[in-house]
Amino acid sequence: MSAKRIPAGAAPPARGIHRDHVTRRWLAIAGVVVTAVYLVPVYWMLVTSLKTGDSVFRVPPDLIPLPPTIEPYVHAVFGDADIARGLTNSAIIAVGTTFLTLALALPAAYGLAKFRLRGLGVVLMLMLVVQMVPSINLALPMFVLFSSMGLVNSYAGLIIANCALAVPLAVTILRPYFLTVPAEVIEAAKVDGCNELTSFARVALPISTPGVITVAVISFLGAWGEFVFALSLATSEHIQPITIVLAEFTNQVGIRWNDLMAVSAVVALPVIAAFVLLQRYIVAGLTDGATKT
Amino acid sequence: MTAAAPVHVEIPPGLARPGRRGRRARRLLAPALFVLPAVVFVGATVVYPLLYSVLQSFFDVGLREVVQGGARWAGLDNYVDQFGRSRFWYSFFISIVYAAGSVVLTFAAGLGLALLLRRAFRGRNVLRALILIAWVLPTVVSANVWRWLLDGSYGLLNAALRAVGLLEGDLFWLGRPVTAIAAVVVATAWSFAPFAMILLSAGLEGISRTLYEAARIDGASPWQQFRYITRPQLRPVALAALLLIFIYTFKTFDTIFLMTAGGPGGATTTLPVYAYNEAFEFSRFDTAAVATTVLMVVPIVLSVAYFRTLRKENA
């Protein structure tokens, strides 16, 4: 995409090209080194998660775990009922958040893209500004309001809280996708007997699949890693997501760092995996848009 | 899909053969059914709680009032009380220090990364994606990893410092006020710098190449090119990025809460942590509301100032 460099006619003399290649190679090497340094925390998390309880406290520390062990994963992740319950709760909350967000944001983004609405600017501004609101500013009043509604310590309460910030974000991301759906396609669908709803569901949605997947993944990951709402609205152990369980874990005396890092790695895994997929979709969406216009 | 509400668009009974008024009503009905559920939801879950919280700051709200209701009107008492406390102003000050430090470090690191990965080379996008991992990592994960890296006895950082002879024995970074703030700033910047990198990379892409070519023909050095082309051209994007980073760091709660819980001795108790403690440690939801209201006002004031300078510059 950005490979458009000096056009052939304006090619600099041969020496310049050679020098350019050299600087480029050095830039690539510097880029790799800096990235490696930047990811040391991630590396250290994985290394620690593969160590035994004794070797974690070796001074100086082993930079590679020799021999590596999966014992922390077996022990802390799959052998610990609290962790397992936390992971389950997180999955329930994240899936619920994803579905509710899609249910609300998909039609809204479509409506904001395709209908001429009075107050469009106000709604778009609202969706944008709302994303800047600190979670703690919502978590505290929500605790008070939810207390009187019986929503504290419930999946529903946590899902609603997560959606409060996920829906505006989703609408903001999705609207541009629906804007690129040509009006003629929608018109053609209506000529063929579709109404507003079916032309949205059968025509606009399939065309916008990359956007839908992107938003689904972002909503899921947001809820999966969410901490503030969970801390304020889930005081009962039965409902607490993994983020809270993990935080409690560290408050115990004598932290078992290898176990902690193993659980952290498991929490990070879906995020990193989904991120790899998400990248592909973003790239696909961009190239599709570029080739089809 | 589970979108239940818009189903009603399918020929409402009274409008089966719409007259002029009926058609008009239908034309307004469809958009409303698409958009309204989300708008109402955001209104109910964001706007209403925010207003409710501001209202609470004018009432006397403890745990009993939360459970039973019947809070007493307190006027400005909560504000007078909080603005008269040094603890409040201390945490306001800590908030500013933390946000300022995080903004500077995040921006510098993000700009460095953006410049480093500006020129296309094979694998550049992979490197960008790898760096972005730091941004998408759940805060619980990154905060815990930082705690472990900074551990006084067994942490990797201290091991490295000992190896090069800069440190003997232990140093508990999170146990002393100044190093604790520095530590949370570094951890915050580590998470946010990739985000800044993306914003600034987009800004750099937007600078016309012909500017650099012209400068090179005139014999400008790389530094001169940066000083006289990149810097002024990037300014609008850089300002927007700075504002965004400030908004995001000023409200940060989880990183600090998880790394230091506001300690040692309140040295990293920023306003969000302060508000949380007021509410859940001391069951004072009214003074917590004062803190969160102030937490909202600062970014709003800054944003207004930002848009005013924008307008003035464009005029």
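Letters A, B, ... are given to chains in the order of the sequence lines, protein chains preceding strands, and every chain is numbered from 1. The basis for the numbers below is simple: all heavy atoms, side chains too, and nothing from hydrogens, waters or symmetry mates.
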Between [X] and chain B, which part of the residue has a heavy atom less than 4.5 Å away: side chain, backbone, both or neither?
X: A/M261; result: side chain
X: A/I160; result: both
X: A/L112; result: both
X: A/V32; result: both
X: A/T243; result: both
X: A/Y38; result: both
X: A/V56; result: both
X: A/L63; result: side chain
X: A/L117; result: side chain
X: A/V167; result: side chain
X: A/I244; result: neither

I want to check something: taking the side chain as every heavy atom from C-beta on, are [X] and [Y] in contact at a cut-off of under 4.5 Å?
X: B/R162; Y: A/V59; value: yes
X: A/S232; Y: B/Y276; value: yes
X: B/V136; Y: A/L221; value: no
X: B/V126; Y: A/T35; value: no
X: B/L271; Y: A/I136; value: no
X: B/R147; Y: A/W257; value: yes
X: B/V140; Y: A/V267; value: no
X: B/M296; Y: A/P134; value: yes

Query raised in the report: Taking only residues two or more places apart in sequence or in another chain, which ones pass ring-ring contact (aromatic ring centres under 6.0 Å, His included) with A/F57?
Result: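 ring-ring contact (aromatic ring centres under 6.0 Å, His included) check on A/F57 returns B/Y154.
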Top of [options] for chain A proximity - count of heavy-atom pairs under 4.5 angstrom:
options: B/W148, B/F121, B/Y52; value: B/W148
options: B/F285, B/W146, B/F41, B/F250; value: B/F41
options: B/N144, B/N158, B/L117, B/L149; value: B/N144
options: B/D254, B/I247, B/L127; value: B/L127
options: B/L55, B/L137, B/T45, B/T292; value: B/T292
options: B/G112, B/A289, B/P194, B/A160; value: B/P194

Nearest atoms (heavy-atom pairs only) where [X] meets [Y]:
X: A/A268; Y: B/P138; answer: CA-CD, 4.4 Å
X: B/V42; Y: A/P168; answer: CG2-CG, 3.9 Å
X: A/V42; Y: B/W190; answer: CG2-CH2, 4.1 Å
X: A/E196; Y: B/F34; answer: O-CZ, 3.7 Å
X: A/P41; Y: B/V145; answer: O-CG1, 3.2 Å
X: B/A288; Y: A/L140; answer: CB-CD1, 3.8 Å

Query raised in the report: Got more than 12 heavy atoms from elsewhere within 6.0 Å of CE, A/M149?
Result: yes
Identify which part of [X] has an atom lying under 4.5 Å from any heavy atom of chain A, answering side chain, backbone, both or neither.
X: B/D151; value: side chain
X: B/S303; value: neither
X: B/L130; value: both
X: B/P299; value: neither
X: B/L36; value: neither
X: B/V61; value: neither
X: B/A261; value: neither
X: B/A279; value: side chain

What option among [options] has the most heavy-atom pairs under 4.5 Å with chain B?
options: A/P61, A/A30, A/A28; answer: A/A28
options: A/G225, A/A164, A/S147; answer: A/A164
options: A/A139, A/A105, A/P141; answer: A/P141
options: A/V263, A/I242, A/V228; answer: A/V228
options: A/V129, A/T48, A/V34, A/I272; answer: A/T48

Report task. Could you check A/L27 against B/R118 for side chain to side chain contact (heavy atoms under 4.5 Å, CB included), going step by step and ending with a plain yes or no? Result -> CA-CA 9 Å; A/L27 272 176; B/R118 182 183 192 186; over 6 Å; no
Query raised in the report: Going through the distances and angles, do A/L231 and B/F280 end up as a side chain to side chain contact (heavy atoms under 4.5 Å, CB included)?
Result: CA-CA 10 Å; A/L231 182 72; B/F280 289 111; over 6 Å; no
Point-to-point distance, once rounded to the nearest 0.5 Å, from [atom1] of [X] to [atom2] of [Y]:
X: B/L295; Y: A/N137; atom1: CG; atom2: CG; result: 5.0 Å
X: A/F227; Y: B/T255; atom1: CZ; atom2: OG1; result: 10.0 Å
X: B/Y48; Y: A/M142; atom1: OH; atom2: CE; result: 12.0 Å

**Report entry** Donor-acceptor pair, side chain of A/R24 and main chain of B/A120, under 3.5 angstrom
**Finding:**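 It does hold such a pair.
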